[in-house]
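Here is how names work: the chains are called A, B, and so on, in the same order as the sequence lines, proteins then strands, and each is numbered from 1. The analysis underlying the following values was restricted to heavy atoms, covering all of them including side chains, and did not include hydrogens, waters or symmetry mates.
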There are 2 protein chains.
Amino acid sequence: MVLEQPPASLVPALQKLHAARSTVGSATQRVIDFVLEHPNDVIHLSVTEVAEGSNSSEATVVRLFQNLGFKSYQDFKIRLSQSLVPTTRSFERRIESGDTAYTIFQKVFATSSLTLSDTLEHLEPAALERSVDLLIRARRITFVGVGGSGIVALDAHHKFFKLGLFCEAVPDPHNAAQVAALLGPDDVMVAISHSGTTQDVLHAVRIAKDNNASLIALTGLARSPLSKLADVTLNTTSPESRYRSEAVASRIAQLCIVDALVVALYLRDEERLGRHWQRARTALTEKRV
Amino acid sequence: MVLEQPPASLVPALQKLHAARSTVGSATQRVIDFVLEHPNDVIHLSVTEVAEGSNSSEATVVRLFQNLGFKSYQDFKIRLSQSLVPTTRSFERRIESGDTAYTIFQKVFATSSLTLSDTLEHLEPAALERSVDLLIRARRITFVGVGGSGIVALDAHHKFFKLGLFCEAVPDPHNAAQVAALLGPDDVMVAISHSGTTQDVLHAVRIAKDNNASLIALTGLARSPLSKLADVTLNTTSPESRYRSEAVASRIAQLCIVDALVVALYLRDEERLGRHWQRARTALTEKRV
DNA sequence: TTTTTCTTGTAATTTTATTTCATCACATTA
DNA sequence: TAATGTGATGAAATAAAATTACAAGAAAAA
């Protein structure tokens with residue numbers, strides 16, 4: 001078995017295992033498979049137990065991890081436990097009637113954090129690139145969303161506007177359809193709806209599509225009517241929770257997506273957009289004490 | 001040494017050690033001190049090495065962790081390594097000109113996540129309780145903020161409104177002062193300003209204080225003119241970052257604070273607020289496909 | 001003071017990790 | 001086809017680490 005010295009390992013422990021899988025013998029492969037299938041258990045298992053679980057021998061287990069560049073089996077377990085940490089277990093996030101304000105804050109923040117990482121994990125790099133492509137070329141950008149999603153639309157408008165882009169937010173369902181009717185093939189509509197089934201939004205979206213405008217969907221359900229109509233879908237995912245609707249938690253992720261889009265656009269055309277942004281910024285400073 | 005069975009432990013491993021310190025003997029204290037001083041090294045040390053490092057015996061080390069509720073010394077090391085998982089280092093969050101869209105997303109999301117945990121860490125439990133007290137008793141709640149903070153105000157209004165509370169958002173600086181003039185001693189103003197120095201907001205806040213209204217400040221700088229006027233200050237903290245103003249990152253945390261406040265209020269008076277919330281919810285369902 | 005309780009370190013024991021070594025499987029070459 | 005080399009493997013030996021048993025000593029209670 002030949003293995004290069006692994007790079008300073010930003011890579012979580014499990015990826016190393018996966019990468020090595022094809023270059024090792026059958027017994028060692030069984031060990032790798034076992035570890036990949038039960039990573040959370042392995043943290044608490046001894047060499048002997050792993051050997052038994054994978055129908056191999058202790059020696060094979062020990063050698064595997066040494067060859068992978070870990071100082072010892074224990075060393076591997078430490079690394080592994082560190083890469084497995086992020087999921088605050090759901091029972092630790094569940095809000096109970098008797099919780100103190102601070103406990104509630106802890107749990108709400110934990111859920112939000114989890115929503116962010118879950119969402120990031122499920123976003124497709126290709127979809128992001130396409131979104132940026134569409135937005136940077138757009139003549140005009142319209143953000144549509146009602147209710148809670150309307151807030152996201154306003155936020156997006158606020159930020160895109162600072163970049164000097166021609167854009168508008170339509171948080172009012174009545175106006176949405178009318179604005180959609182004005183869009184053309186060079187324009188982009190960004191439709192925001194957690195459920196992806198909001199009638200008012202769908203109505204506006206259909207009109208926009210009829211006019212050949214491009215459509216980016218920001219939604220919480222991958223297979224919704226809205227995402228079927230969209231050129232690109234950016235999905236948020238969030239864990240269930242009592243006392244706090246999924247929609248609310250996913251809004252945090254949507255705002256974060258907007259933030260990231262703004263930064264990505266900025267870097268695509270720093271020359272033009274940077275100038276606008278600076279001007280908007282200095283105009284604000286005068287308003288401070 | 002008497003120790004209650006530790007609660008489901010939202011608490012990182014080290015806090016347990018710290019809490020137990022005063023209830024144990026001198027040798028055990030030396031062990032605790034050693035671990036608290038070198039947590040990152042301990043992860044890789046054996047029982048014997050820890051015993052040597054702390055001038056105690058192996059038995060003392062092993063017993064300490066068993067008494068603290070860990071299954072074994074190894075079990076403790078696993079927990080410890082999980083609580084020590086290095087936060088994404090700042091150079092891994094810094095956005096560079098050449099970054100791909102996906103990389104930018106990773107970095108923006110990482111920064112947001114960090115902002116959330118930083119903010120939570122700095123929030124004072126007492127301040128949270130007082131905020132909830134003030135809000136639940138309020139006759140009328142006014143959210144004030146301009147620009148980006150105006151979005152937070154709107155979001156807060158949207159959510160508090162669903163609980164059936166008498167509230168309003170004033171994202172327009174002109175109206176802010178007028179609305180503030182209408183407030184009385186039973187009312188609460190929630191002022192949102194990242195810098196805590198926004199003239200328009202301060203103006204409105206002073207008027208509100210003159211009318212003896214209570215003031216909750218949502219700000220990003222602890223020692224700002226705004227927080228001096230406030231009865232309670234809820235602070236957001238966020239790491240520096242290029243291409244993305246601190247204000248933008250901290251907005252995520254502000255929204256999260258609002259979310260948590262809503263949940264906390266709800267649980268304080270589930271009877272009354274739950275009824276309202278249910279009604280608002282069912283009214284929405286009809287708008288879906 | 002005496003008795004009891006709790007803490008501690010030494011040493012024995014058990015568990016766990018690592019190394020050694022003989023064997024086997026497979027590929028290459030004669 | 002047989003001979004040879006290479007690397008993977010597991011049984012067993014060894015080493016290391018963790019845990020427990022126990023007796024001595026300190027502190028608290030009677």
Side-chain angles (χ1 to χ4, degrees), chain A residues 1-5 13 16-36 38-39 41-81, chain B residues 1-5 13 16-36 38-39 41-81:
Chain A
M1 174 167 55
V2 182
L3 282 173
E4 303 96 330
Q5 179 65 8
K16 265 194 219 174
L17 282 185
H18 194 78
R21 191 176 183 287
S22 57
T23 74
V24 301
S26 60
T28 310
Q29 270 189 8
R30 289 200 301 278
V31 177
I32 291 180
D33 291 343
F34 178 81
V35 176
L36 288 177
H38 315 280
D41 304 322
V42 168
I43 288 181
H44 303 289
L45 299 182
S46 69
V47 171
T48 313
E49 289 166 316
V50 172
E52 276 172 13
S54 59
N55 283 311
S56 64
S57 66
E58 280 126 317
T60 304
V61 174
V62 168
R63 274 188 302 244
L64 168 62
F65 295 114
Q66 289 176 339
N67 289 334
L68 285 173
F70 298 99
K71 278 205 292 292
S72 67
Y73 171 68
Q74 291 293 340
D75 183 43
F76 165 76
K77 287 212 307 191
I78 297 290
R79 305 298 176 111
L80 178 59
S81 69
Chain B
M1 173 169 54
V2 182
L3 282 173
E4 303 98 327
Q5 180 64 10
K16 264 193 219 172
L17 282 184
H18 193 79
R21 190 175 184 286
S22 57
T23 73
V24 301
S26 61
T28 311
Q29 271 188 9
R30 289 199 302 278
V31 178
I32 291 180
D33 291 343
F34 178 80
V35 176
L36 288 176
H38 315 280
D41 304 323
V42 168
I43 287 181
H44 302 288
L45 299 182
S46 67
V47 170
T48 312
E49 288 165 316
V50 173
E52 277 172 13
S54 59
N55 284 311
S56 64
S57 66
E58 281 124 316
T60 305
V61 174
V62 167
R63 274 188 302 245
L64 168 62
F65 295 113
Q66 289 177 340
N67 289 333
L68 284 174
F70 299 98
K71 277 204 293 290
S72 66
Y73 171 70
Q74 290 295 338
D75 182 43
F76 165 76
K77 288 212 308 191
I78 297 288
R79 305 296 177 113
L80 178 59
S81 68

Over how many whole Å does the gap from [X] atom [atom1] to [N] atom [atom2] extend?
X        : N       : atom1 : atom2 : answer
Phe76(B) : dA18(D) : CZ    : P     : 13 Å
Ile78(B) : dT16(C) : CD1   : P     : 14 Å
Asn67(B) : dC6(C)  : CG    : P     : 12 Å
Gln29(B) : dG9(C)  : CD    : P     : 13 Å
Glu52(A) : dT16(C) : CD    : C1'   : 12 Å
Phe65(A) : dT16(C) : CZ    : P     : 16 Å
Asn55(A) : dA11(D) : CG    : C1'   : 16 Å
Leu68(A) : dA8(D)  : CG    : P     : 13 Å

**Message:** Distance alone, cut at 3.5 Å: any donor-acceptor contact between the side chains of Ser26(A) and Gln29(A)?
**Reply:**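 Side chains of Ser26(A) and Gln29(A): no pair found under 3.5 Å.
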**Asked** Does a donor on one side chain and an acceptor on the other come within less than 3.5 Å for Ser81(B) and Ser81(A)?
**Response** yes
Using only side-chain N and O atoms of [X], determine if any of them is under 4.0 Å from OP1 or OP2 of [N].
X        : N      : value
Ser26(B) : dT7(C) : no
Thr28(A) : dT9(D) : yes
Ser57(A) : dT9(D) : no
Arg30(A) : dA8(D) : no

I'd like a list of close polar pairs between nucleotides 18-24 of chain C and the protein, N/O only, cut-off under 3.5 Å.
residue	atom	partner	partner atom	Å
dT19(C)	OP2	Gln66(A)	NE2	2.9

**Prompt:** Is the NE2 atom of His18(B) crowded by more than 12 outside heavy atoms at less than 6.0 Å?
**Reply:** no
**Asked** Quick one: which of dT8(C), dG10(D), dA17(C) gets closest to the side chain of Ala27(B)?
**Response**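 Ranking dT8(C), dG10(D), dA17(C) by closest atom to the Ala27(B) side chain puts dT8(C) first.
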**Prompt:** Any cation-pi pair here, Lys16(B) with Phe76(B), using under 6.0 Å and within 45°?
**Reply:** no
**Contact list for residues 23-32 of chain B, test salt bridge (Lys or Arg N to Asp or Glu O under 4.0 Å), sequence neighbours left out** = none
**Donor-acceptor under 3.5 Å (Lys71(A) side chain, Gln66(A) main chain)** = no
**Prompt:** What do the steps show when you test Leu17(A) against Leu64(A) for side-chain contact (heavy atoms from CB on, under 4.5 Å), and what is the final call?
**Reply:** CA-CA 9 Å; Leu17(A) 282 185; Leu64(A) 168 62; 4.2 Å; yes
